[in-house]
Chemist: 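If you scroll down you'll find the structure; I have some questions about it.
By convention in this document, chain letters (A, B, ...) are assigned in the order of the sequence lines, proteins followed by strands, and residues within each chain are numbered from 1.
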Protein chains: 2
Amino acid sequence: MSATTGPKLSRRERLRAETTREITAIALRQMAAEGPGAISLRGIAREMGMTARAIYSYFPTRDDLVTALVAEVSASLADALERARDAAPATDPGARLLAWGLALREWALANPEGFRLVYGDPVPGYEAPAGGPAAEAARRVCCGLNRLVAEACAAGRTTSTNAANNANDAGNAEGFDWSDFPASYLDKIRADVDDLSPSVVALALRVWGRLHGLVTLEIYGHLGAVSTDPAALYRAEMLDLVGSLRSAPA
Amino acid sequence: MSATTGPKLSRRERLRAETTREITAIALRQMAAEGPGAISLRGIAREMGMTARAIYSYFPTRDDLVTALVAEVSASLADALERARDAAPATDPGARLLAWGLALREWALANPEGFRLVYGDPVPGYEAPAGGPAAEAARRVCCGLNRLVAEACAAGRTTSTNAANNANDAGNAEGFDWSDFPASYLDKIRADVDDLSPSVVALALRVWGRLHGLVTLEIYGHLGAVSTDPAALYRAEMLDLVGSLRSAPA
DNA sequence: TAGAAATAGGAAACGCCGTGTACTTTTGCG
DNA sequence: CGCAAAAGTACACGGCGTTTCCTATTTCTA
């Protein structure tokens, strides 16, 4: 996302950028190998043949490094999800949602430590900064899902003829209000989808919870003792979910 | 769970048990205050006016201490869930399941660090031991939910007269098999509920995922940017869930 | 009841960690 | 070329889990 931002970089700046990339690359490798908690400035410096203190020219504190890693990893997740979604036919919202959801689990299984970094305790005492590239990537995920859910709902509404008799299926008996969601989030969504209702926004978040729940349980090892085929479990959940969206709230 | 196991304790053993309790109590307090990552043998020893080395007579390594904490905290969670369930009328499976699910979120909000300890990365590089009291408490949670789901399904089957036309709602089109679940887990469940089918076991796990997902997102702060009322979101999810269980798989 | 064995606990050290201060080397520009 | 700025080093501080060695105290036994 940067290679084309102009060649007006002095030699120093180029070296600096390269060193920065090397630091994050080593950190990501250490994380993938030993978990997010194993990320250490000293370890990175050792591997680079530098003093630990040298890292501080690039990241003033370890949390800043972690922040950069979170941003990078969550952007890669968002990329993977959007790629999977776009691989499905644009005319079939259900298939797109299905692909998105399956890709979420597959990405998590392929990058379990990355998943822990983004969605778990990144590191003993880390507090994520409010705005920033990490938050932006998180919103990409959330808004992307919202759009898919909205599209699936809309498609269900136009094709399904018996939408009346099971209108209570999707659990929208509870009325949601625009005030149930931060304006900043709604603005972001509206950039993607016009036909929006509070119920759909709430539904998308609930869908997110369903996917996130099974993935989290699996990644953190809580499914191992109770299921021998988490993939089937996840797939069943996704099929149920996509199916139920055809009878969706207005 | 121990006060009645016989008074044949020597003075040494009594002191030892008391010190052990004091250690875990301080560790729990430290965890509640600063998070699971802040649990430190040295900190506990300092607070007890002892040398760090002294702790090693009680817990040979820090991970053993963490294991004990996980066991204690997850047992307290299981207690809370069973208490909430039993506060609802035994004749109304839906209400019992609802109470259980709401209690899960409430417990997590009241003990966020405990939730992280049990379901997240307990501590930088911690690996949970296979069998043990912690696993037992985890199974109490899982089996308890399974029983509730099974009961709710059974109730739905007997009362609902129009179960035929929405038989595909619960997403049980995918056939689950007994081999999809470890025998040890099935044995545990069968101790609680007789009328069992693979579909119901799978459904219970999916329900677990739904609840766990929203709670996890909220506890880890990922819902803050997208919802101003997570409680309403969770409640809607639970109501939808309980409602959909009335048209359940056989 | 006296002595032996087991045990709790203290002192100090090792090697990690993040971070701060002070100093030296390298680098690129005028 | 000369010199300021940037990059990097050396060292120190306090905290961490863990180990080794040693000393009291308590408990069991002859």
Chemist: On the nucleotide D/dG15, are OP1 or OP2 found under 4.0 Å from the side-chain N or O atoms that B/S40 carries?
Modeler: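 False: B/S40 side-chain N/O out of range (4.0 Å or more) of D/dG15 OP1/OP2.
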
Chemist: Could you pull out all residues at least two apart from B/T24 that satisfy side chain to side chain contact (heavy atoms under 4.5 Å, CB included)?
Modeler: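 For B/T24 the side chain to side chain contact (heavy atoms under 4.5 Å, CB included) partners, ignoring immediate neighbours, are B/F59, B/L65, B/L69, B/E72.
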
Chemist: Holding to side chain to side chain contact (heavy atoms under 4.5 Å, CB included), I want the full list of residues that pass it with B/D180, two or more places apart in sequence or in another chain.
Modeler: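 Listed in chain order: A/T228, A/D229, B/F176, B/D177.
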
Chemist: Mind checking the CG-CG spacing from A/L205 to A/N146? Nearest 0.5 Å is all I need.
Modeler: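 A/L205 CG to A/N146 CG: 6.5 Å, rounded to 0.5 Å.
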
Chemist: Within this structure, what is the CG-to-P distance between A/D63 and C/dC17, rounded to whole angstrom?
Modeler: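 Computing the A/D63:CG to C/dC17:P distance gives 16 Å.
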
Chemist: Give the angle between the helix axes at the two ends of the helix from C/dT1-D/dA30 to C/dG30-D/dC1, taking five base pairs at each end and rounding to 10°.
Modeler: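 The end axes of the helix from C/dT1-D/dA30 to C/dG30-D/dC1 are about 10° apart, to the nearest 10°.
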
Chemist: Check the interface with nucleotides 9-14 of chain C: list each N/O to N/O pair with the protein under 3.5 Å, or write none.
Modeler:
{"unit_1": "C/dG9", "atom_1": "OP2", "unit_2": "B/Y58", "atom_2": "OH", "d": "2.6"}
{"unit_1": "C/dG10", "atom_1": "OP2", "unit_2": "B/T51", "atom_2": "N", "d": "2.8"}
{"unit_1": "C/dG10", "atom_1": "OP2", "unit_2": "B/T51", "atom_2": "OG1", "d": "3.0"}
{"unit_1": "C/dG10", "atom_1": "O5'", "unit_2": "B/T51", "atom_2": "OG1", "d": "3.3"}

Chemist: Provide, to the nearest angstrom, the distance between the CZ atom belonging to B/R62 and the C1' atom belonging to D/dC16.
Modeler: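 Distance, rounded to whole Å: 9 Å.
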
Chemist: Go through the side-chain N and O atoms of B/Y58 and B/D64 and say whether any donor and acceptor fall under 3.5 Å apart.
Modeler: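 No, because no side-chain N or O of B/Y58 sits under 3.5 Å from a partner of the opposite role on B/D64.
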
Chemist: Write out all pairs satisfying side-chain hydrogen bond (donor to acceptor under 3.5 Å, both in side chains) with one or both partners inside residues 123-145 of chain B, taking only residues at least two apart or from two chains.
Modeler: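 As it turns out, the side-chain hydrogen bond (donor to acceptor under 3.5 Å, both in side chains) pairs with a partner in residues 123-145 of chain B, which skip direct neighbours, are B/T67-B/Y126, B/D79-B/R140, B/E82-B/R140.
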
Chemist: Counting only side-chain N and O atoms of B/R46, is one of them less than 4.0 Å from OP1 or OP2 of D/dC16?
Modeler: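 Yes, within the criterion.
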
Chemist: What is the distance from CD of B/E34 to P of D/dG15, rounded to the nearest Å?
Modeler: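 Between P of D/dG15 and CD of B/E34: 14 Å.
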
Chemist: Within this structure, what is the CZ-to-P distance between A/F59 and D/dA7, rounded to whole angstrom?
Modeler: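 In whole Å, D/dA7 P lies 13 Å from A/F59 CZ.
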
Chemist: Starting at atom CD1 of B/I44, determine the distance to atom C1' of D/dG17, rounded to an integer number of angstrom.
Modeler: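 Rounding to the nearest Å, CD1 of B/I44 and C1' of D/dG17 are 12 Å apart.
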
Chemist: If you draw the axis of the six-membered ring of B/W208, does the NZ or CZ of A/R210 fall within 45° of it and under 6.0 Å from the ring centre?
Modeler: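 Ring-cation test returns no.
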
Chemist: Taking B/G101's backbone N and O only, do any of them form a donor-acceptor pair with B/Y234's side chain (distance below 3.5 Å, no angle check)?
Modeler: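 Indeed, once roles are kept as given, a pair shorter than 3.5 Å links the two residues.
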
Chemist: Measure the shortest side-chain to side-chain distance between B/D86 and B/W100 over non-hydrogen atoms and say whether it is less than 4.5 angstrom.
Modeler: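 Heavy-atom side-chain distance check fails, nothing below 4.5 Å.
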
Chemist: Rounded to the nearest Å, what distance is computed from the CG atom of residue A/D64 to the P atom of nucleotide C/dT19?
Modeler: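 Answer to the nearest Å: 9 Å.
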
Chemist: Under 4.0 angstrom, heavy atoms only, what part of the nucleic acid is A/I39 near: base, sugar-phosphate, or nothing?
Modeler: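 A/I39: backbone/sugar contact only, no base atoms under 4.0 Å.
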
Chemist: Could you tell me how far apart B/R14 (CZ) and D/dT27 (C1') are, to the nearest whole angstrom?
Modeler: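 In whole Å, D/dT27 C1' lies 13 Å from B/R14 CZ.
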
Chemist: For A/L41 and D/dG15, what is the distance between atoms CG and C1' respectively, to the nearest whole Å?
Modeler: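 After rounding, the gap between these two atoms is 16 Å.
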
Chemist: Within the pair B/Y56 and D/dT19, is there a side-chain N or O less than 4.0 Å away from OP1 or OP2?
Modeler: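 B/Y56 to D/dT19 OP1/OP2: no side-chain N or O under 4.0 Å.
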
Chemist: For B/L109, give me all partners under side chain to side chain contact (heavy atoms under 4.5 Å, CB included), at least two apart in sequence or on another chain.
Modeler: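 Applying side chain to side chain contact (heavy atoms under 4.5 Å, CB included) to B/L109 gives B/R105, B/E218, B/I219.
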
Chemist: Would you indicate, yes or no, if D/dA6 has its OP1 or OP2 atom less than 4.0 angstrom from a side-chain nitrogen or oxygen of A/R16?
Modeler: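 Result: no.
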
